[in-house]
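Values reported hereafter were calculated over all heavy atoms of this structure, with side chains retained and with hydrogens, waters and symmetry mates removed. None of the values given here were measured: they were computed from a predicted structure.
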Amino acid sequence: MPENQDQLLHDITNREYEHGWSVDLDAETLEPGLTEETVRFISAKKNEPSWLLEWRLKAFRQWQQMAEPHWGLLHYPPINYQSLSYYSAPKKKPELSSLDEVDPELLKTFNRLGISLQEQKMLAGVAVDAVIDSVSVKTTFKEKLAEKGVIFCSFSEAVQEHPDLVKAYLGSVVPIKDNFFAALNSAVFSDGSFVYIPAGVRCPMELSTYFRINAMNTGQFERTLIIADDDSYVSYLEGCTAPMRDENQLHAAVVELVALNRAHIKYSTVQNWYPGDKNGKGGIYNFVTKRGNCLGDNSLISWTQVETGSSITWKYPSVLLKGDGSKGEFFSVAVTANAQQADTGTKMVHLGKNTSSTIISKGISAGNSNNSYRGLVKMAPSATGARNFSQCDSLLLGSTCGAHTFPSIEVDNATGKVEHEATTSKIAEDQIFYLNQRGIPTEKAVALIVNGYCREVLDQLPMEFAVEARKLLEISLEGSVG
Amino acid sequence: MYMLEIRNLHASIDGKPILKGLNLSVKAGEVHAIMGPNGSGKSTLASIIAGNEAYEITEGDVLFQGISLLDLQPHERAAAGVFLAFQYPVEIPGVSMMNFMKSAINEIRAQKGQEPIEASAFLKLVREKQALVELDAKLANRSVNQGFSGGEKKRNEVFQMAMLDPKLAVLDETDSGLDIDALRIVAQGVNALRNSQNSFLVITHYQRLLDYIVPDVVHVLANGKIIKTGSKDLALELEAKGYDWILETDQA
């Protein structure tokens with residue numbers, strides 16, 4: 001590329017974060033530090049039954065014996081877990097019967113994000129479980145869902161109202177000792193979402209949660225559990241954006257999905273947390289464990305993610321294919337710019353017969369960023385007739401970024417079929433020139449090409465989410481234009 | 001005032017001179033053909049008019065309606081009314097033709113301070129122009145140039161030209177790789193767009209295209225310069241005698 005091209009790419013990928021602000025919500029925040037007392041405090045604060053406190057304490061003791069993993073291609077200063085605060089709740093926690101009663105500051109925050117609860121309620125038919133800091137503030141559409149027997153509530157509420165379901169499935173997909181961050185989450189998780197779809201029910205709307213990290217020095221430990229009973233279907237949307245901040249913030253969520261016989265869970269994420277400044281200072285550290293269990297025969301779990309934010313991303317949404325004929329899917333777009341680092345991918349573990357999995361990963365790197373795909377396709381001796389197709393593409397913008405691919409394939413059954421395709425390309429100058437010649441300026445041309453490059457993945461997103469994701473990609477790579 | 005006026009243009013790529021003092025004047029309403037042997041600088045000329053930054057202009061100027069194009073970015077030239085039908089149209093995976101054309105039209109409108117085109121007006125325009133080049137409506141749903149045959153790519157270029165309605169259209173070997181039917185359709189499209197307000201610069205290696213798009217003026221480009229200019233009969237003469245006789249005359 002000629003120098004001016006590099007310069008332009010440099011300029012447009014050195015954009016400042018658009019969603020930067022902090023809202024004073026008058027939070028009640030626990031002093032920094034993590035001891036057994038902290039765990040007890042959180043559990044007591046939430047009025048939890050003793051079995052859950054015991055579970056948390058077990059996780060805490062487990063965590064104390066574990067070491068932070070460093071096998072990812074990620075570089076960051078050591079995290080002092082004792083300097084973080086593990087609980088923060090908005091002081092106002094009223095029972096709300098209408099949106100009019102919601103804290104106006106909170107509504108303003110949503111409006112600045114372009115998410116109007118009101119509008120979504122009226123137009124999009126999306127039930128929103130809005131999480132600000134650690135406590136669910138507002139859940140809409142609950143009644144309509146209740147008619148179908150669908151449970152969609154905050155995790156805390158589920159613990160109180162549906163303890164049997166929580167007890168049966170909590171930790172069943174991601175065990176306490178699965179990894180360092182999952183153990184930490186299990187000990188101190190604050191809140192999150194809980195979904196149960198009864199047998200034979202097709203959830204009548206997309207379920208959506210917007211996460212926000214909104215208090216200084218507060219680690220965010222979300223816990224999500226989704227159970228789809230026999231022959232049910234649910235599409236769950238998770239979207240995130242965070243305020244600008246000067247200190248790194250740790251996020252270690254755990255998401256567990258359980259699909260019973262012939263159930264279908266579609267989980268979509270658009271992640272736009274603060275990526276830090278041009279040098280990566282102040283961005284979110286995102287260490288997330290997401291896993292689905294296709295427990296039932298012919299079940300399907302599909303992960304779609306568009307990752308544009310965070311300074312560090314460590315995330316591998318995976319599927320255990322236990323049921324015969326079950327399917328796992330992973331569609332991912334990961335964009336890194338400036339000094340962002342992403343180490344992301346998936347694990348598809350085939351245990352049942354005739355199980356199949358599809359992996360489509362698109363990594364886009366710009367600036368001085370590093371973007372890695374890390375994946376595992378494992379076929380156990382029991383997985384007769386298993387199939388996998390993987391496609392991992394990397395696109396480089398400019399000449400100072402990196403793209404890496406670490407695929408692992410382990411096949412222990414001779415009937416297994418695995419296909420793996422991988423490409424690495426630079427955005428082509430002749431493509432940009434072609435679009436320029438038709439009147440499209442370079443910034444828009446890059447956005448158009450990148451959007452096209454990611455189309456296979458974006459097409460997987462529900463309509464309204466896809467629009468947001470396209471816009472996000474454009475903003476992520478275009479600078480202040482957008 | 002000329003639509004296009006090129007004055008003593010010298011240009012090089014990677015330090016190698018390609019154009020060496022080229023002069024050319026095209027009036028509104030005229031079609032000029034540029035012919036010449038391989039490597040004479042025909043495609044370089046097209047690229048420079050469109051603003052390809054791979055080339056370095058060492059001397060001279062390119063004026064479009066009296067304004068120097070060299071001061072404008074490629075997308076600004078497009079908005080001003082300069083169009084290039086590419087010799088090798090690139091594929092843009094995942095970007096649909098419709099999305100691409102809509103972006104192009106709206107970006108040009110935005111540069112002129114106009115509102116985006118209405119969806120219904122856009123669709124009407126697409127249907128009208130597709131018919132003009134007999135382009136299969138199915139292609140509109142495909143990604144830009146992806147999976148298009150050679151002929152479809154060229155027809156697609158003429159389709160885009162019709163959509164954007166430029167003042168100056170440069171056709172860079174649009175006839176290469178076309179069978180006689182495709183050639184006729186492409187020419188038909190160009191002829192339908194010809195009027196007293198616009199101009200065409202048709203770059204071709206063969207006289208064949210000029211049977212269909214009849215030029216007002218024919219130029220021979222060789223070794224970076226226009227070495228001969230004449231009427232459409234010059235093309236026939238070249239067809240009969242080849243380029244050697246002119247090159248010899250030039251060197252003599």
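Within 6.0 Å of NZ in B/K129 there are more than 12 heavy atoms belonging to other residues, nucleotides or ligands. Atom CZ of B/F122 has more than 12 heavy atoms from other residues, nucleotides or ligands within 6.0 Å. Surrounding CZ of A/R387 are at most 12 heavy atoms belonging to other residues, nucleotides or ligands under 6.0 Å away. Residue-environment remark: CG (B/D14) stays at or below the threshold of 12 foreign heavy atoms within 6.0 Å.
If you measure heavy-atom distances from B/N99 to chain A, the contacts under 4.5 Å come from the side chain alone. For a residue to count as touching a neighbouring chain, one of its non-hydrogen atoms must lie under 4.5 Å from one of that chain's; by this rule A/R455 touches chain B with the side chain only. Neither the backbone nor the side chain of B/P166 comes within less than 4.5 Å of any heavy atom of chain A.
The closest side-chain heavy-atom distance from A/N436 to B/Q73 is not below 4.5 Å. Side-chain contact between A/I449 and B/I92: present, with at least one pair of heavy atoms (C-beta onward) separated by less than 4.5 Å.
Relative orientation of the B/F100 and A/Y434 rings is parallel, given thresholds of 30° and 60° on the angle between their planes.
Inspection of the B/Y88 and A/D430 side chains reveals no N or O donor paired with an N or O acceptor under 3.5 Å.
A/Q437 places no side-chain N or O within 3.5 Å of a backbone atom of B/A50 that could act as its donor or acceptor partner. Here the side chain of A/Q431 pairs a donor or acceptor atom with the backbone of B/E91 at under 3.5 angstrom.
Of all heavy-atom pairs between A/G439 and B/A78, the closest is N-CB, 3.3 Å. Smallest separation of non-hydrogen atoms from A/L448 and B/S103: CD1-OG, 4.0 Å.
Among B/R109, B/R77, B/Q160, the residue with the largest count of heavy-atom pairs under 4.5 Å with chain A is B/Q160.
Put simply, CE on B/M101 and CZ on A/R438 are 7.0 Å apart, with the number rounded to the nearest 0.5 Å.
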